[in-house]
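Here's the structure we're looking at; comments come further down.
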Amino acid sequence: MRTAKIAAVFVSGVSIVLLLAAGASAGRSASRSTTASCSGTPVRGGNLVYERQAATATLDPLNPRNGNGDIFAYNLIYSGLVRSDPTGRTNKIVPSLADRWTVSADGKTYTFHLRPGIKFSNGQPVTAADVAWTMNRFGNPKINAIMAAVAGGFAHATVVSSSTVRIQLTKPVAAFLYDISIWPAFILPKGLVEKQGAKFFNHPVGTGPFMVTSFVKGSHLTMARNPNYWEQGKPYLNSVRYNFVGDSNTRILALKAGNAQAIDVVPFSQVKSLQTTKNVVVQTAKVPLFLGLWLNHLRAPLADVNVRKAMQYAIDRTLINNQIFVGLGKIPNSVLMGFALDAPPSVVKPYSYDVSKAKALMAKSKVPNGFSTTLQYPAGTDFYKQLALALQQEFGAIGINVKLVELDTATVTNNWFTRKYDMVFPFASFTSDLTVPDEYADFLANWTNGFHGFETSWKDPAVQKMVLQFESTRSESARAKQWTQIQQTLLNITPVIDVLKLPFINAHRSNVCGTALDGLGSDHLEDTWIAK
């Protein structure tokens with residue numbers, strides 16, 4: 001990808017800048033069952049008010065500006081050729097606008113067959129020309145600047161017939177279907193976008209379950225049922241209104257009063273209270289999200305592997321999980337968020353809490369008497385100050401004197417991007433765009449992508465070689481073996497630190513049914529209905 005482009009991704013989010021998720025496989029659970037009426041047949045009708053922490057800033061899927069605030073709206077307005085399993089039960093890619101596809105023996109040619117009769121929300125047919133044009137925009141790094149990394153290996157798309165499109169790659173890309181399942185590859189109407197230009201995205205036309213009726217930046221986004229949606233009988237709801245409410249207490253009060261039927265980003269401190277609230281269901285979901293502590297390897301002490309490993313051993317994750325995250329976190333056995341191919345802790349063992357080992361590693365390091373450093377973290381999130389204080393104490397116990405610096409999220413993220421930090425939690429939260437590890441492994445280990453070791457300045461040619469081979473390996477069994485080796489190697493080197501893996505936590509009224517999230521934590525509101 002590039003330099004300035006990734007800043008937009010991560011300020012925007014790439015599923016970054018929301019809150020909390022983790023886990024190697026997609027899985028869903030609720031604190032208790034929904035009402036018995038949700039076990040019945042879905043009914044049509046009703047208007048869902050959903051209060052969300054992150055506001056939608058733009059409806060242009062090639063230019064997200066506020067993370068999941070934008071991305072989760074795109075997922076309702078547009079569709080791609082393929083998509084993640086909407087039930088969240090698996091990490092599989094399933095058909096969407098394309099009902100089937102074939103892959104050449106060398107893995108470099110994909111041929112997609114469009115569903116018969118699919119239409120945009122304005123009733124105009126979706127053509128192979130629309131698809132090829134959209135995909136060529138996806139593959140153009142000048143247009144798809146923010147997410148160019150997921151278009152690596154893309155050559156060109158061509159129209160084969162009125163319902164068939166062929167995509168040629170320059171090399172096998174194992175995660176290609178995952179790459180085109182997300183928003184930069186969502187299909188747009190060629191003629192309308194060319195005619196209207198940027199104005200198209202003020203009132204876009206898409207193939208998603210809903211279509212925009214009102215968008216007031218900083219306030220709300222209202223969407224009505226798309227009568228031309230390709231899944232027969234869906235969506236069930238008449239409309240969805242996203243209210244943008246940054247304050248978590250305000251969202252919770254609206255849910256309790258019934259003024260909102262759903263909210264996202266439930267603070268950990270409020271989970272137990274909500275779980276005992278009448279007519280409210282708390283829902284957790286595993287997605288690839290983590291508390292990533294970034295280390296600047298331009299700072300000499302942090303470039304010392306003994307120091308980094310000492311820091312890993314110095315963290316009492318069990319205590320942090322229980323006292324700050326009410327036991328909902330998971331101790332990591334990797335340096336990145338949990339992915340579908342991650343080996344279990346029995347194979348790749350996590351760091352234990354062992355102050356003696358940490359002190360012994362510090363004694364072996366180039367700074368045996370310790371050193372002083374800073375830790376930046378974003379303001380406005382209920383747990384970061386507690387977490388920073390805990391780490392300050394734990395690192396202090398092994399001779400690392402940490403000064404805490406609380407800054408607004410935009411400043412923290414910009415400092416991360418420009419590498420003006422010692423240690424930093426770069427975002428309000430940190431998730432992957434894909435359920436497989438290819439994207440983030442490349443960001444961290446592939447020095448040729450312009451990300452400077454994911455803005456750490458860490459570089460290891462041997463790991464880069466392993467990652468590039470992994471990205472082009474098509475055999476799932478071979479990929480699993482390769483990833484286990486990469487996962488273990490990265491954990492040994494620990495260029496960054498995963499402090500804890502955490503779940504998404506949403507809540508909704510108990511008569512709101514069909515609330516599954518996919519493997520990236522996105523609501524599939526086409527499946528949502530309100531019980532009478």
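Heavy atoms only: backbone and side chains are in, while hydrogens, waters and symmetry mates are out. One-based numbering along the sequence shown.
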Within this structure, what is the [atom1]-[atom2] distance for the pair [X] and [Y], rounded to the nearest 0.5 Å?
X: N259; Y: R509; atom1: CG; atom2: CZ; value: 9.0 Å
X: K364; Y: D304; atom1: NZ; atom2: CG; value: 10.0 Å
X: N506; Y: T284; atom1: CG; atom2: OG1; value: 9.5 Å
X: N415; Y: E455; atom1: CG; atom2: CD; value: 12.0 Å
X: S181; Y: I93; atom1: OG; atom2: CD1; value: 4.0 Å

Derivation of the side chain to side chain contact (heavy atoms under 4.5 Å, CB included) call for N333 and Q487:
CA-CA 8 Å; N333 67 332; Q487 179 185 343; 3.3 Å; yes
Checking [X] side chain against [Y] main chain: does a donor-acceptor pair fall under 3.5 Å?
X: T413; Y: P426; result: yes
X: Y351; Y: L491; result: yes
X: S522; Y: D518; result: no
X: N401; Y: F371; result: no
X: T484; Y: A480; result: yes
X: S334; Y: L336; result: yes
X: S219; Y: V216; result: no
X: T528; Y: G514; result: yes
X: Q275; Y: V282; result: no
X: T435; Y: A340; result: no

Testing the basics here: between [X] and [Y], what is the closest heavy-atom pair and its distance to 0.1 Å?
X: F210; Y: M223; answer: CB-CB, 3.6 Å
X: V499; Y: P332; answer: O-CD, 3.8 Å
X: G519; Y: P288; answer: O-CD, 3.3 Å

Are [X] and [Y] packed together at the side-chain level, in the sense that at least one heavy-atom pair is separated by less than 4.5 angstrom?
X: L391; Y: V402; answer: no
X: S432; Y: E439; answer: yes
X: L293; Y: V496; answer: no
X: V280; Y: S510; answer: no
X: N296; Y: M423; answer: no
X: V150; Y: Y178; answer: no
X: N321; Y: L500; answer: yes
X: Y50; Y: V512; answer: no

Can you find a side-chain donor-acceptor pair between [X] and [Y] that sits under 3.5 Å?
X: D442; Y: N449; value: yes
X: Q488; Y: N492; value: yes
X: Q482; Y: T473; value: yes
X: T515; Y: Q283; value: yes
X: D60; Y: Y74; value: no
X: N68; Y: Q53; value: no
X: D70; Y: T58; value: no
X: R299; Y: T373; value: no
X: D85; Y: T87; value: yes
X: R308; Y: N306; value: no

Would you say the ring centroid of [X] lies under 6.0 angstrom from that of [Y]?
X: F290; Y: F430; value: yes
X: F72; Y: Y242; value: no
X: Y353; Y: Y313; value: no
X: F425; Y: Y384; value: yes

Carboxylate-amine/guanidinium contact [X] [Y], below 4.0 Å:
X: D264; Y: R52; answer: yes
X: K330; Y: D498; answer: no
X: R479; Y: D438; answer: yes

Audit row: Y78, W183, side chain to side chain contact (heavy atoms under 4.5 Å, CB included) steps and yes/no
CA-CA 8 Å; Y78 309 101; W183 66 96; over 6 Å; no
So T277 and L274, side chain to side chain contact (heavy atoms under 4.5 Å, CB included) or not? Walk me through it.
CA-CA 5 Å; T277 300; L274 272 183; 4.1 Å; yes
Could you please spell out the steps behind the salt bridge (charged side-chain N to carboxylate O under 4.0 Å, His left out) verdict for R83 and E526?
CA-CA 14 Å; R83 61 177 178 168; E526 68 271 19; 3.2 Å; yes
Between T494 and Q312, is a side-chain hydrogen bond (donor to acceptor under 3.5 Å, both in side chains) present by the stated rule, with each step listed?
CA-CA 8 Å; T494 204; Q312 289 273 31; 2.6 Å; yes
Out of the candidates Y377, F417, W416, only one should pair with F427 under the ring pair (Phe, Tyr, Trp, His ring centres under 6.0 Å) rule; please name it.
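For F427, the ring pair (Phe, Tyr, Trp, His ring centres under 6.0 Å) test succeeds with only one of Y377, F417, W416, which is W416.
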Tell me whether the rings of H297 and W458 are parallel (<30°), tilted (30 to 60°) or perpendicular (>60°).
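Because their plane-to-plane angle lies in the 30° to 60° range, the rings of H297 and W458 count as tilted.
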Would you call the rings of F339 and W483 parallel, tilted or perpendicular, where under 30° means parallel and over 60° means perpendicular?
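Perpendicular, since the angle between the ring planes exceeds 60°.
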Can you run down the salt bridge (Lys or Arg N to Asp or Glu O under 4.0 Å) pairs that involve residues 397-417, sequence neighbours left out, and say none if there aren't any?
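Found K385-E406.
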Chi angles and distances behind the side-chain hydrogen bond (donor to acceptor under 3.5 Å, both in side chains) call for N249, R251:
CA-CA 5 Å; N249 288 324; R251 294 195 303 277; over 6 Å; no
For side-chain hydrogen bond (donor to acceptor under 3.5 Å, both in side chains), just list the numbers for S352 and D354, CA-CA rounded to whole Å, side-chain angles, deciding distance to a tenth of an Å, and then say yes or no.
CA-CA 6 Å; S352 59; D354 193 325; 4.7 Å; no
Would you please test H508 and I263 for side chain to side chain contact (heavy atoms under 4.5 Å, CB included) and show each step?
CA-CA 6 Å; H508 56 83; I263 63 172; over 6 Å; no
Does NZ in K256 sit with more than 12 non-hydrogen atoms of other residues, nucleotides or ligands closer than 6.0 Å?
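Above 12, so yes.
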